[in-house]
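Quick notes on the structure that follows.
Note that the structure is predicted; figures quoted are calculated from it, not measured. Only this structure's heavy atoms are used, side chains among them; waters, hydrogens and symmetry mates stay out. Lettering of chains follows the sequences in order, A, B, ..., and the numbering in each one begins at 1.
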2 protein chains.
Amino acid sequence: MATDDLMTRALEALGDDGPLSVEAIHRLADLGDLPEAMTIAEVADLLDISPHTLRYYERAGLVEVARDGSGHRVYDAAAVRRLVFLTRMRLSGMPMRDLRHYISLVDAGGHTVPQRLDVLVEHRDTIRRRIRELTLSLTAVEYKIATYGGSTGPDVQDLGTTTATDRTPPRRALPAE
Amino acid sequence: MATDDLMTRALEALGDDGPLSVEAIHRLADLGDLPEAMTIAEVADLLDISPHTLRYYERAGLVEVARDGSGHRVYDAAAVRRLVFLTRMRLSGMPMRDLRHYISLVDAGGHTVPQRLDVLVEHRDTIRRRIRELTLSLTAVEYKIATYGGSTGPDVQDLGTTTATDRTPPRRALPAE
DNA sequence: GCTTGTGTTCGAGCGCGCTCGAAGACATAG
DNA sequence: CTATGTCTTCGAGCGCGCTCGAACACAAGC
């Protein structure tokens, strides 16, 4: 569970809204030393997305990519860094529409920094909300797994996972067997 | 922040893979006393989804719903409980396809309980994975917000949020400004 | 009787984010 | 010279999960 370890360390570095450990982030998000120029296949491998998707992002106006003499795409380090950002944001659930907006702000110049921060803060809150929702769902699913009896009625077959203070009448948290 | 309080309490009840507090779940997931029969509008209100979606779920084979003399849907308590389950699972990201599979197992009889548990366990793991991904994204976005300078170069404008042990050279975790 | 409100069925359409395939341009290997 | 491989552009298609609208059926109130 190396991934979990990484995660755990990242979480330890993060108090609720508190300061972050730059170290931890660097361990997690370090881009390494990017080559000056990469082909579409190399970038696709790096980001674990398809060349089709890379072209799609370019068509969507999220990156500009130069061409070589044969018309092939040449991704410079800046383009790759932007694509790393974009794919991270996509993975975290930011819709293409918002990404387009954000990039348009970036391309508009430095005076849009406050607006970019607004976008980021809003997205941060969206992620937090989503994590809360998923944690709630997770609790419910774990409960259902723990108490699953397979019965059709309203009864809970208590498998000894309840606390001593359980005094509410048995009732299924997630019905429909 | 009443929602957060609820969340916090739910999380307190949940050790890593440990036993759950039935109480907490009941507080979170209590269905209340369901009426014997509900109209589509009432169920839609209860679940905060549209009547259109309810009909869609029925068409998808996820619930069977009786009709009254006028051909209107009558949702009994069992149907509503199932729909509560279904909407919870949808919210947690389970695809319709898996839900259809699960429901087909339920309708196939009690001997499918082990397979249902397989589905639930797999979904539980999916939720956990997703939470981990989102937590990682959250950390990165928070870092980017904290260090945002609006510059175009590779420099990080350190806003004093780093730890004393920070000894790595500044580098952006999330580029593309 | 007419209007309003709430429901019905059916099939089509939509927004999202890719994903694919066709047709062609080059570069290199044999 | 040909074959292979990697790329190009373009537009179409797809899977998902709804979402909507048209046309109709009742029931209650005026």
Sugar-phosphate only, base, or nothing, as touched by B:Pro95 at under 4.0 Å among non-hydrogen atoms: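 Sugar-phosphate contact only - B:Pro95 comes under 4.0 Å of backbone atoms but never of a base.
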Sugar-phosphate, base or nothing in reach of B:Ala41, heavy atoms under 4.0 Å: sugar-phosphate
Would you please confirm or rule out a distance under 4.0 Å between OP1 or OP2 of [N] and any side-chain N or O of [X]?
| X | N | result |
| --- | --- | --- |
| A:Tyr57 | C:dC18 | yes |
| B:Ser50 | D:dC18 | no |
| B:Arg55 | C:dT9 | no |
| A:Arg73 | D:dT9 | yes |
| B:Arg97 | D:dC16 | yes |
| B:Tyr56 | D:dC20 | no |
| A:Ser70 | D:dT6 | no |

d([atom1], [X]; [atom2], [N]) in whole Å:
| X | N | atom1 | atom2 | value |
| --- | --- | --- | --- | --- |
| B:Leu54 | C:dT8 | CG | C1' | 14 Å |
| A:Ile49 | C:dT19 | CD1 | P | 10 Å |
| A:Glu42 | D:dG5 | CD | P | 18 Å |
| A:Ile40 | D:dT9 | CD1 | P | 9 Å |

Shortest side-chain distance from B:Arg59, nucleotide among D:dC7, C:dG11, D:dA27: C:dG11
Minimum-distance nucleotide (side-chain atoms of B:Arg90 versus C:dG21, D:dC18, D:dT6): D:dC18
N-O pairing of A:Arg55 and A:Glu58 below 4.0 Å: no
Residues B:Glu142, A:Arg128: salt bridge by 4.0 Å N-O rule: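 Salt bridge between B:Glu142 and A:Arg128, a charged N being under 4.0 Å from a carboxylate O: yes.
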Note, A:Arg73 side chain near A:Arg67 side chain (heavy atom, < 4.5 Å):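 Yes, side chains in contact.
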Note, B:Val65 side chain near B:Asp76 side chain (heavy atom, < 4.5 Å): no
